[in-house]
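A short write-up of the structure that comes next.
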Protein chains: 2
Amino acid sequence: MSLPHAILTALLEKPSSGLELTRRFDKSIGFFWSATHQQIYRELSRLEATGLIRALQRTGPVRGQKKEYEVLPAGRAELARWTAAADDPRPIRDPLLLRLRAAAVVGTAGLDGELRRQLALHRESLASYRTIERRDFAPGEEDRGDPLQHAVLRAGIGLEAFWVQWLEETLETLPAPPPEPPA
Amino acid sequence: MSLPHAILTALLEKPSSGLELTRRFDKSIGFFWSATHQQIYRELSRLEATGLIRALQRTGPVRGQKKEYEVLPAGRAELARWTAAADDPRPIRDPLLLRLRAAAVVGTAGLDGELRRQLALHRESLASYRTIERRDFAPGEEDRGDPLQHAVLRAGIGLEAFWVQWLEETLETLPAPPPEPPA
DNA sequence: AGGTACATGTAACATGTTACATGATTCC
DNA sequence: GGAATCATGTAACATGTTACATGTACCT
(Lines give C-alpha, C1' and ligand atoms only; values in the text may rest on other atoms or scores of the structure.)
Protein backbone atom coordinates (compact mmCIF):
# COMPACT_ATOMS: atom_id res chain seq x y z
CA MET A 1 0.00 0.00 0.00
CA SER A 2 2.69 2.51 -0.89
CA LEU A 3 1.40 4.13 -4.04
CA PRO A 4 -1.49 6.04 -2.41
CA HIS A 5 0.92 7.41 0.17
CA ALA A 6 3.43 8.36 -2.48
CA ILE A 7 0.68 10.32 -4.21
CA LEU A 8 -0.44 11.98 -0.99
CA THR A 9 3.14 13.09 -0.35
CA ALA A 10 3.50 14.46 -3.85
CA LEU A 11 0.19 16.31 -3.64
CA LEU A 12 1.10 17.84 -0.28
CA GLU A 13 4.34 19.08 -1.75
CA LYS A 14 2.28 20.64 -4.52
CA PRO A 15 -1.34 20.13 -5.72
CA SER A 16 -1.20 18.66 -9.20
CA SER A 17 -3.08 16.98 -11.99
CA GLY A 18 -2.58 13.35 -12.99
CA LEU A 19 -0.19 14.16 -15.77
CA GLU A 20 1.89 16.48 -13.62
CA LEU A 21 2.14 13.72 -11.02
CA THR A 22 3.21 11.29 -13.73
CA ARG A 23 6.06 13.62 -14.67
CA ARG A 24 7.15 13.96 -11.07
CA PHE A 25 7.12 10.17 -10.75
CA ASP A 26 9.55 10.07 -13.64
CA LYS A 27 11.94 12.28 -11.68
CA SER A 28 12.60 12.68 -7.99
CA ILE A 29 9.88 10.50 -6.45
CA GLY A 30 10.37 7.91 -9.16
CA PHE A 31 13.96 7.33 -8.06
CA PHE A 32 12.61 5.10 -5.32
CA TRP A 33 8.95 4.56 -6.24
CA SER A 34 8.02 4.51 -9.90
CA ALA A 35 4.46 4.50 -11.27
CA THR A 36 2.85 4.78 -14.67
CA HIS A 37 0.12 7.25 -15.51
CA GLN A 38 -2.47 4.44 -15.53
CA GLN A 39 -1.63 3.52 -11.97
CA ILE A 40 -1.75 7.15 -10.96
CA TYR A 41 -5.16 7.86 -12.49
CA ARG A 42 -6.62 4.71 -10.95
CA GLU A 43 -5.25 5.61 -7.55
CA LEU A 44 -6.40 9.24 -7.78
CA SER A 45 -9.95 8.01 -8.36
CA ARG A 46 -9.74 5.78 -5.29
CA LEU A 47 -8.24 8.46 -3.09
CA GLU A 48 -11.01 10.83 -4.14
CA ALA A 49 -13.67 8.17 -3.52
CA THR A 50 -12.36 7.51 -0.02
CA GLY A 51 -12.25 11.20 0.82
CA LEU A 52 -8.49 11.61 1.24
CA ILE A 53 -8.13 14.07 -1.63
CA ARG A 54 -10.49 16.20 -3.68
CA ALA A 55 -10.50 17.68 -7.14
CA LEU A 56 -10.36 21.44 -7.31
CA GLN A 57 -13.61 22.94 -8.56
CA ARG A 58 -14.41 22.55 -12.22
CA THR A 59 -17.62 23.26 -14.13
CA GLY A 60 -18.20 19.85 -15.71
CA PRO A 61 -16.01 16.77 -15.60
CA VAL A 62 -14.92 16.64 -19.23
CA ARG A 63 -12.49 14.17 -20.67
CA GLY A 64 -9.24 15.72 -21.86
CA GLN A 65 -9.53 18.61 -19.43
CA LYS A 66 -7.01 19.16 -16.69
CA LYS A 67 -8.13 18.11 -13.22
CA GLU A 68 -6.11 19.23 -10.19
CA TYR A 69 -6.23 17.51 -6.83
CA GLU A 70 -5.43 18.64 -3.31
CA VAL A 71 -5.06 16.67 -0.07
CA LEU A 72 -7.85 16.83 2.51
CA PRO A 73 -7.19 16.77 6.28
CA ALA A 74 -8.09 13.06 6.40
CA GLY A 75 -5.42 12.43 3.79
CA ARG A 76 -2.75 14.25 5.71
CA ALA A 77 -3.70 12.35 8.88
CA GLU A 78 -3.50 9.02 7.06
CA LEU A 79 -0.08 9.91 5.69
CA ALA A 80 1.22 10.88 9.14
CA ARG A 81 -0.09 7.60 10.56
CA TRP A 82 1.57 5.55 7.82
CA THR A 83 4.88 7.39 8.18
CA ALA A 84 5.47 6.12 11.70
CA ALA A 85 3.62 2.79 11.48
CA ALA A 86 5.42 -0.51 12.01
CA ASP A 87 6.16 -2.09 8.64
CA ASP A 88 8.83 -4.73 8.16
CA PRO A 89 11.68 -4.04 5.75
CA ARG A 90 11.14 -5.32 2.24
CA PRO A 91 12.90 -8.64 1.78
CA ILE A 92 15.56 -8.64 -0.90
CA ARG A 93 14.00 -9.49 -4.27
CA ASP A 94 16.41 -9.22 -7.15
CA PRO A 95 16.35 -11.17 -10.41
CA LEU A 96 20.11 -10.74 -10.83
CA LEU A 97 20.81 -12.79 -7.72
CA LEU A 98 18.39 -15.40 -9.02
CA ARG A 99 20.31 -15.46 -12.27
CA LEU A 100 23.61 -16.08 -10.49
CA ARG A 101 22.03 -18.97 -8.68
CA ALA A 102 20.72 -20.32 -11.98
CA ALA A 103 24.19 -19.92 -13.51
CA ALA A 104 25.57 -22.12 -10.75
CA VAL A 105 23.38 -24.87 -12.21
CA VAL A 106 23.28 -24.27 -15.99
CA GLY A 107 26.67 -22.62 -16.46
CA THR A 108 28.10 -19.13 -16.74
CA ALA A 109 28.06 -18.78 -20.54
CA GLY A 110 27.36 -15.13 -21.42
CA LEU A 111 27.13 -14.07 -17.80
CA ASP A 112 30.31 -12.02 -17.84
CA GLY A 113 28.99 -9.63 -20.49
CA GLU A 114 25.72 -9.13 -18.68
CA LEU A 115 27.46 -8.38 -15.39
CA ARG A 116 29.63 -5.77 -17.13
CA ARG A 117 26.51 -4.23 -18.61
CA GLN A 118 24.87 -4.01 -15.18
CA LEU A 119 28.06 -2.54 -13.75
CA ALA A 120 28.08 0.24 -16.34
CA LEU A 121 24.43 1.09 -15.60
CA HIS A 122 24.99 1.22 -11.84
CA ARG A 123 28.03 3.45 -12.34
CA GLU A 124 25.84 5.81 -14.35
CA SER A 125 23.16 5.94 -11.66
CA LEU A 126 25.74 6.48 -8.97
CA ALA A 127 27.29 9.37 -10.87
CA SER A 128 23.92 11.02 -11.44
CA TYR A 129 22.93 10.74 -7.76
CA ARG A 130 26.26 12.24 -6.76
CA THR A 131 25.68 15.12 -9.14
CA ILE A 132 22.32 15.79 -7.52
CA GLU A 133 23.90 15.65 -4.09
CA ARG A 134 26.54 18.20 -5.03
CA ARG A 135 23.86 20.46 -6.47
CA ASP A 136 21.23 20.24 -3.71
CA PHE A 137 23.24 19.45 -0.59
CA ALA A 138 26.53 21.26 -0.96
CA PRO A 139 28.42 21.11 2.34
CA GLY A 140 29.10 24.24 4.34
CA GLU A 141 26.50 26.45 2.75
CA GLU A 142 24.28 26.71 5.82
CA ASP A 143 22.56 23.33 5.48
CA ARG A 144 20.53 23.84 2.37
CA GLY A 145 17.94 21.17 1.76
CA ASP A 146 15.92 19.00 4.09
CA PRO A 147 18.05 16.51 6.06
CA LEU A 148 15.42 13.80 5.45
CA GLN A 149 15.52 14.31 1.71
CA HIS A 150 19.30 14.16 1.97
CA ALA A 151 19.03 10.85 3.83
CA VAL A 152 16.91 9.46 0.99
CA LEU A 153 19.49 10.54 -1.53
CA ARG A 154 22.29 9.03 0.57
CA ALA A 155 20.38 5.74 0.45
CA GLY A 156 20.33 5.87 -3.34
CA ILE A 157 24.04 6.64 -3.44
CA GLY A 158 24.87 3.92 -0.93
CA LEU A 159 22.85 1.27 -2.75
CA GLU A 160 24.34 2.08 -6.13
CA ALA A 161 27.83 2.16 -4.64
CA PHE A 162 27.18 -1.23 -3.11
CA TRP A 163 26.15 -2.75 -6.44
CA VAL A 164 29.18 -1.28 -8.20
CA GLN A 165 31.53 -2.75 -5.65
CA TRP A 166 29.76 -6.10 -5.54
CA LEU A 167 29.74 -6.44 -9.32
CA GLU A 168 33.46 -5.62 -9.50
CA GLU A 169 34.22 -8.28 -6.92
CA THR A 170 31.94 -10.84 -8.52
CA LEU A 171 33.44 -10.31 -11.97
CA GLU A 172 36.85 -11.19 -10.53
CA THR A 173 35.66 -14.52 -9.18
CA LEU A 174 34.04 -15.47 -12.49
CA PRO A 175 35.93 -17.80 -14.85
CA ALA A 176 37.31 -15.80 -17.77
CA PRO A 177 34.93 -15.67 -20.75
CA PRO A 178 36.09 -17.05 -24.10
CA PRO A 179 37.99 -14.44 -26.18
CA GLU A 180 36.04 -12.65 -28.89
CA PRO A 181 36.56 -14.29 -32.27
CA PRO A 182 38.30 -11.88 -34.71
CA ALA A 183 36.03 -10.45 -37.40
CA MET B 1 9.16 -13.09 -15.31
CA SER B 2 11.42 -14.34 -12.56
CA LEU B 3 9.27 -16.85 -10.69
CA PRO B 4 9.23 -19.50 -13.43
CA HIS B 5 13.01 -19.30 -13.66
CA ALA B 6 13.38 -19.51 -9.90
CA ILE B 7 11.31 -22.70 -10.00
CA LEU B 8 13.32 -24.15 -12.89
CA THR B 9 16.52 -23.53 -10.95
CA ALA B 10 15.12 -25.15 -7.82
CA LEU B 11 13.89 -28.18 -9.77
CA LEU B 12 17.25 -28.61 -11.49
CA GLU B 13 18.96 -28.57 -8.12
CA LYS B 14 16.52 -31.28 -7.07
CA PRO B 15 13.20 -32.56 -8.52
CA SER B 16 10.47 -31.73 -6.03
CA SER B 17 6.77 -31.47 -5.37
CA GLY B 18 4.92 -28.20 -4.89
CA LEU B 19 5.07 -28.34 -1.14
CA GLU B 20 8.75 -29.18 -1.08
CA LEU B 21 9.40 -26.21 -3.35
CA THR B 22 7.36 -24.01 -1.03
CA ARG B 23 9.60 -25.04 1.86
CA ARG B 24 12.73 -24.30 -0.12
CA PHE B 25 11.31 -20.88 -1.02
CA ASP B 26 11.04 -20.23 2.71
CA LYS B 27 14.76 -20.86 3.08
CA SER B 28 17.69 -20.36 0.76
CA ILE B 29 15.96 -19.33 -2.46
CA GLY B 30 13.48 -17.24 -0.53
CA PHE B 31 16.28 -15.03 0.79
CA PHE B 32 16.19 -13.17 -2.49
CA TRP B 33 12.98 -14.39 -4.18
CA SER B 34 10.04 -15.31 -2.01
CA ALA B 35 6.86 -17.03 -3.20
CA THR B 36 3.77 -18.50 -1.58
CA HIS B 37 2.50 -22.00 -2.27
CA GLN B 38 -0.37 -20.59 -4.32
CA GLN B 39 2.03 -18.86 -6.65
CA ILE B 40 4.13 -21.97 -6.92
CA TYR B 41 1.25 -24.31 -7.79
CA ARG B 42 -0.06 -21.86 -10.37
CA GLU B 43 3.35 -21.55 -11.96
CA LEU B 44 4.00 -25.31 -11.93
CA SER B 45 0.79 -25.81 -13.93
CA ARG B 46 1.93 -23.23 -16.47
CA LEU B 47 5.43 -24.65 -16.79
CA GLU B 48 3.96 -28.10 -17.35
CA ALA B 49 1.49 -26.76 -19.92
CA THR B 50 4.29 -25.04 -21.87
CA GLY B 51 6.45 -28.17 -21.84
CA LEU B 52 9.35 -26.87 -19.72
CA ILE B 53 8.80 -29.37 -16.91
CA ARG B 54 6.85 -32.60 -16.49
CA ALA B 55 5.27 -34.49 -13.62
CA LEU B 56 6.86 -37.81 -12.79
CA GLN B 57 4.60 -40.73 -13.66
CA ARG B 58 1.59 -41.31 -11.43
CA THR B 59 -1.43 -43.57 -11.94
CA GLY B 60 -4.22 -41.02 -11.66
CA PRO B 61 -3.97 -37.31 -10.88
CA VAL B 62 -5.64 -37.31 -7.46
CA ARG B 63 -6.04 -34.33 -5.22
CA GLY B 64 -4.03 -34.57 -2.03
CA GLN B 65 -1.44 -36.87 -3.57
CA LYS B 66 2.17 -35.83 -3.93
CA LYS B 67 3.19 -34.81 -7.45
CA GLU B 68 6.89 -34.48 -8.29
CA TYR B 69 8.22 -32.46 -11.19
CA GLU B 70 11.44 -32.56 -13.18
CA VAL B 71 12.89 -30.14 -15.72
CA LEU B 72 12.76 -31.05 -19.43
CA PRO B 73 15.56 -30.10 -21.88
CA ALA B 74 13.48 -27.16 -23.13
CA GLY B 75 13.29 -25.89 -19.56
CA ARG B 76 17.02 -26.08 -19.06
CA ALA B 77 17.60 -24.27 -22.35
CA GLU B 78 15.17 -21.50 -21.39
CA LEU B 79 16.91 -21.07 -18.05
CA ALA B 80 20.34 -20.83 -19.71
CA ARG B 81 19.00 -18.24 -22.14
CA TRP B 82 17.48 -16.15 -19.34
CA THR B 83 20.64 -16.32 -17.24
CA ALA B 84 22.71 -14.36 -19.74
CA ALA B 85 19.97 -12.21 -21.28
CA ALA B 86 20.07 -8.42 -21.08
CA ASP B 87 17.76 -7.23 -18.31
CA ASP B 88 18.10 -3.82 -16.70
CA PRO B 89 18.72 -3.61 -12.96
CA ARG B 90 15.63 -3.27 -10.83
CA PRO B 91 15.08 0.36 -9.91
CA ILE B 92 15.11 1.06 -6.19
CA ARG B 93 11.63 0.60 -4.76
CA ASP B 94 11.49 0.92 -1.03
CA PRO B 95 8.57 2.10 1.11
CA LEU B 96 10.93 3.23 3.87
CA LEU B 97 12.48 5.86 1.62
CA LEU B 98 8.99 6.95 0.67
CA ARG B 99 8.16 7.30 4.34
CA LEU B 100 11.17 9.52 4.96
CA ARG B 101 10.06 11.75 2.14
CA ALA B 102 6.55 11.84 3.60
CA ALA B 103 8.01 12.69 7.02
CA ALA B 104 9.72 15.69 5.43
CA VAL B 105 6.20 16.99 4.73
CA VAL B 106 4.02 15.79 7.62
CA GLY B 107 6.63 15.69 10.39
CA THR B 108 8.85 13.13 12.05
CA ALA B 109 6.57 12.18 14.97
CA GLY B 110 7.09 8.50 15.77
CA LEU B 111 9.67 8.03 13.06
CA ASP B 112 12.58 7.55 15.41
CA GLY B 113 11.07 4.43 16.98
CA GLU B 114 10.29 2.88 13.62
CA LEU B 115 13.82 3.50 12.34
CA ARG B 116 15.24 1.81 15.44
CA ARG B 117 12.92 -1.13 14.85
CA GLN B 118 14.11 -1.46 11.27
CA LEU B 119 17.70 -1.19 12.42
CA ALA B 120 17.25 -4.09 14.84
CA LEU B 121 15.70 -6.25 12.12
CA HIS B 122 18.49 -5.53 9.65
CA ARG B 123 21.10 -6.32 12.30
CA GLU B 124 19.41 -9.68 12.82
CA SER B 125 19.40 -10.49 9.10
CA LEU B 126 23.01 -9.44 8.79
CA ALA B 127 24.05 -11.67 11.68
CA SER B 128 22.18 -14.66 10.26
CA TYR B 129 23.73 -14.23 6.80
CA ARG B 130 27.18 -14.00 8.37
CA THR B 131 26.51 -17.21 10.27
CA ILE B 132 25.63 -18.96 7.03
CA GLU B 133 28.77 -17.61 5.41
CA ARG B 134 30.98 -18.92 8.20
CA ARG B 135 29.25 -22.29 7.95
CA ASP B 136 29.21 -22.79 4.16
CA PHE B 137 32.14 -20.72 2.93
CA ALA B 138 34.81 -20.99 5.59
CA PRO B 139 38.08 -19.53 4.24
CA GLY B 140 41.09 -21.74 3.62
CA GLU B 141 39.33 -25.05 3.55
CA GLU B 142 39.91 -25.78 -0.14
CA ASP B 143 37.17 -23.49 -1.50
CA ARG B 144 34.11 -25.30 -0.32
CA GLY B 145 30.89 -24.11 -1.89
CA ASP B 146 30.15 -22.65 -5.29
CA PRO B 147 31.72 -19.20 -5.84
CA LEU B 148 28.48 -18.01 -7.48
CA GLN B 149 26.41 -19.02 -4.49
CA HIS B 150 28.97 -17.25 -2.34
CA ALA B 151 28.56 -14.11 -4.46
CA VAL B 152 24.81 -14.23 -3.87
CA LEU B 153 25.35 -14.50 -0.14
CA ARG B 154 27.85 -11.64 -0.22
CA ALA B 155 25.16 -9.53 -1.86
CA GLY B 156 22.78 -10.27 1.01
CA ILE B 157 25.47 -9.41 3.53
CA GLY B 158 26.44 -6.23 1.72
CA LEU B 159 22.87 -5.01 1.40
CA GLU B 160 22.03 -5.66 5.04
CA ALA B 161 25.29 -4.02 6.11
CA PHE B 162 24.39 -1.01 4.00
CA TRP B 163 20.99 -0.61 5.65
CA VAL B 164 22.47 -0.96 9.12
CA GLN B 165 24.98 1.77 8.42
CA TRP B 166 22.49 4.03 6.69
CA LEU B 167 19.95 3.71 9.50
CA GLU B 168 22.61 4.51 12.10
CA GLU B 169 23.62 7.64 10.19
CA THR B 170 20.04 8.69 9.57
CA LEU B 171 19.05 8.30 13.21
CA GLU B 172 21.81 10.75 14.12
CA THR B 173 20.48 13.45 11.82
CA LEU B 174 16.95 13.08 13.16
CA PRO B 175 15.70 15.59 15.76
CA ALA B 176 15.59 13.89 19.17
CA PRO B 177 12.21 12.30 19.95
CA PRO B 178 10.27 13.46 23.03
CA PRO B 179 11.33 11.60 26.18
CA GLU B 180 9.12 8.69 27.32
CA PRO B 181 6.68 9.80 29.98
CA PRO B 182 7.37 7.96 33.25
CA ALA B 183 4.87 5.22 34.09
C1' DA C 1 -7.69 20.97 -42.01
C1' DG C 2 -3.80 18.44 -40.10
C1' DG C 3 -0.22 17.70 -36.73
C1' DT C 4 1.56 17.82 -32.17
C1' DA C 5 1.51 18.15 -27.39
C1' DC C 6 -1.46 17.97 -23.52
C1' DA C 7 -4.63 15.35 -20.72
C1' DT C 8 -7.57 11.70 -19.02
C1' DG C 9 -9.05 7.48 -19.27
C1' DT C 10 -10.39 1.83 -20.52
C1' DA C 11 -9.19 -2.88 -21.21
C1' DA C 12 -6.65 -6.87 -20.77
C1' DC C 13 -3.38 -9.22 -18.64
C1' DA C 14 0.56 -10.65 -15.35
C1' DT C 15 2.01 -11.03 -10.78
C1' DG C 16 1.49 -11.19 -5.85
C1' DT C 17 -1.49 -11.69 -1.48
C1' DT C 18 -5.06 -13.52 1.57
C1' DA C 19 -8.54 -16.58 2.76
C1' DC C 20 -10.54 -20.72 2.24
C1' DA C 21 -11.56 -25.75 0.46
C1' DT C 22 -10.53 -30.59 -0.20
C1' DG C 23 -8.40 -34.92 0.07
C1' DA C 24 -4.66 -38.40 1.86
C1' DT C 25 -1.83 -40.35 5.59
C1' DT C 26 -0.47 -41.24 10.15
C1' DC C 27 -0.93 -41.55 14.98
C1' DC C 28 -3.65 -41.96 19.10
C1' DG D 1 -13.16 -42.23 14.56
C1' DG D 2 -10.83 -37.81 15.59
C1' DA D 3 -6.78 -34.77 15.38
C1' DA D 4 -2.63 -33.44 13.24
C1' DT D 5 0.12 -33.18 9.27
C1' DC D 6 0.98 -33.55 4.51
C1' DA D 7 -0.44 -32.07 0.05
C1' DT D 8 -2.86 -29.82 -3.73
C1' DG D 9 -5.79 -26.70 -5.10
C1' DT D 10 -9.83 -22.47 -5.88
C1' DA D 11 -11.47 -17.84 -5.34
C1' DA D 12 -11.19 -13.13 -4.73
C1' DC D 13 -8.71 -9.31 -4.68
C1' DA D 14 -4.62 -5.86 -4.92
C1' DT D 15 -0.96 -4.18 -7.54
C1' DG D 16 1.73 -3.43 -11.63
C1' DT D 17 2.33 -3.52 -16.91
C1' DT D 18 1.14 -2.88 -21.76
C1' DA D 19 -1.67 -1.46 -25.36
C1' DC D 20 -5.06 1.29 -26.86
C1' DA D 21 -8.97 5.05 -26.97
C1' DT D 22 -10.73 9.67 -26.61
C1' DG D 23 -10.88 14.42 -26.22
C1' DT D 24 -8.72 19.49 -25.89
C1' DA D 25 -5.63 23.30 -27.14
C1' DC D 26 -2.56 25.34 -30.04
C1' DC D 27 0.20 26.07 -34.04
C1' DT D 28 0.84 26.13 -39.05
Side-chain angles (χ1 to χ4, degrees), chain A residues 1-8 10-11 15-26 29-30 32-50 52-56 58-69 82 87-88 90-95 98, chain B residues 1-8 10-11 15-26 29-30 32-50 52-56 58-69 82 87-88 90-95 98:
Chain A
M1 292 270 296
S2 293
L3 179 59
H5 300 96
I7 291 177
L8 288 172
L11 288 180
S16 304
S17 67
L19 192 59
E20 283 163 359
L21 283 175
T22 300
R23 296 218 172 96
R24 292 168 62 194
F25 272 80
D26 283 338
I29 301 176
F32 49 91
W33 202 271
S34 64
T36 61
H37 84 270
Q38 292 86 346
Q39 272 182 284
I40 289 168
Y41 284 118
R42 181 165 59 185
E43 202 59 48
L44 283 171
S45 299
R46 283 182 201 163
L47 287 168
E48 191 179 21
T50 50
L52 300 188
I53 65 173
R54 71 164 178 192
L56 296 181
R58 264 232 326 267
T59 45
V62 192
R63 186 167 188 153
Q65 290 253 301
K66 188 160 155 178
K67 196 155 116 190
E68 283 219 317
Y69 292 92
W82 177 78
D87 187 20
D88 283 354
R90 280 283 163 108
I92 298 169
R93 193 175 186 78
D94 195 306
L98 216 44
Chain B
M1 293 271 296
S2 293
L3 180 57
H5 299 97
I7 291 177
L8 288 172
L11 287 181
S16 305
S17 67
L19 192 59
E20 284 163 0
L21 283 175
T22 301
R23 297 219 170 97
R24 293 168 63 194
F25 273 81
D26 283 338
I29 300 176
F32 50 91
W33 202 272
S34 64
T36 62
H37 85 269
Q38 292 86 346
Q39 273 182 284
I40 288 168
Y41 284 117
R42 182 165 58 185
E43 202 60 48
L44 282 171
S45 298
R46 282 181 201 163
L47 286 167
E48 191 179 20
T50 50
L52 300 188
I53 66 174
R54 72 163 178 194
L56 296 181
R58 262 235 325 268
T59 45
V62 191
R63 187 167 188 154
Q65 290 252 299
K66 191 160 153 178
K67 197 155 115 193
E68 283 219 315
Y69 293 92
W82 178 76
D87 187 20
D88 284 354
R90 280 284 162 107
I92 298 169
R93 192 175 186 80
D94 196 307
L98 216 45

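In what follows, chains are A, B, ... by sequence order, proteins preceding strands, each numbered from 1. Atom set for the values below is all heavy atoms of this structure, side chains included, hydrogens, waters and symmetry mates excluded.
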Taking all heavy atoms of B:Lys67 and all of B:Ala55, pick out the closest pair and write down the distance.
CG-CB, 4.1 Å
Could you tell me which non-hydrogen atom of B:Tyr41 sits nearest to which non-hydrogen atom of B:Gly18, and how far apart they are?
CE2-CA, 3.7 Å
Nearest whole Å is fine: how far is C:dT18 P from B:His37 NE2?
13 Å
Which part of the nucleic acid, if any, lies within contact of A:Ser45, taking any heavy atom under 4.0 Å across all strands shown: a base, the sugar-phosphate backbone alone, or nothing?
nothing
Would you say B:Ser34's side chain and B:Gly30's backbone share a donor-acceptor pair under 3.5 angstrom?
no
Shortest non-hydrogen separation from A:Ala10 to A:Leu21 and the atoms involved
CB-CD2, 3.6 Å
Main-chain N/O of A:Ile40 paired with A:Glu43 side-chain donor or acceptor, under 3.5 Å
no
What I'd like to find out is whether the side chain of A:Ile53 reaches to under 4.5 Å of the side chain of A:Leu44, using heavy atoms alone.
yes
In this structure, how many angstroms lie between the C1' atom of C:dT8 and the CD atom of A:Glu68, rounded?
14 Å
How long is the span from the OG1 atom in A:Thr36 to the CG atom in A:Asp26, to the nearest 0.5 Å?
9.5 Å
Is a donor on one side and an acceptor on the other found under 3.5 Å between the side chain of B:Glu48 and the backbone of B:Ser45?
no
Between the opening five pairs and the closing five pairs of the helix from C:dA1-D:dT28 to C:dC28-D:dG1, how far apart are the helix axes, to 10°?
20°
Nucleic acid contacts of residues 18-25 of chain B, taken as heavy-atom distances under 4.0 Å to DNA chain D:
B:Gly18, B:Leu19, B:Arg23
Atom pairs under 3.5 Å: protein N/O with N/O of nucleotides 14-17 of chain D:
residue	atom	partner	partner atom	Å
D:dT15	OP2	A:Arg46	NH1	3.4
D:dG16	OP1	B:Arg93	NH2	3.2
D:dG16	OP2	A:Gln39	NE2	3.1
D:dG16	O5'	A:Gln39	NE2	3.4
D:dG16	N7	A:Arg42	NH2	2.5
D:dG16	O6	A:Arg42	NH1	3.4

Check whether any side-chain N or O of B:Lys66 sits under 4.0 Å from OP1 or OP2 of C:dT25, and answer yes or no.
no
Write down the atom of B:Trp82, the atom of A:Pro95, and the distance for their closest heavy-atom approach.
CH2-O, 3.9 Å
Any A:Tyr41 side-chain N or O less than 4.0 Å from OP1/OP2 of C:dG9
no
How long is the straight-line distance from CH2 of B:Trp33 back to CG of B:Leu3, given to the nearest 0.5 Å?
8.0 Å
Find the distance between CD1 (B:Ile29) and CZ (B:Arg24) and round it off to the nearest 0.5 Å.
5.0 Å
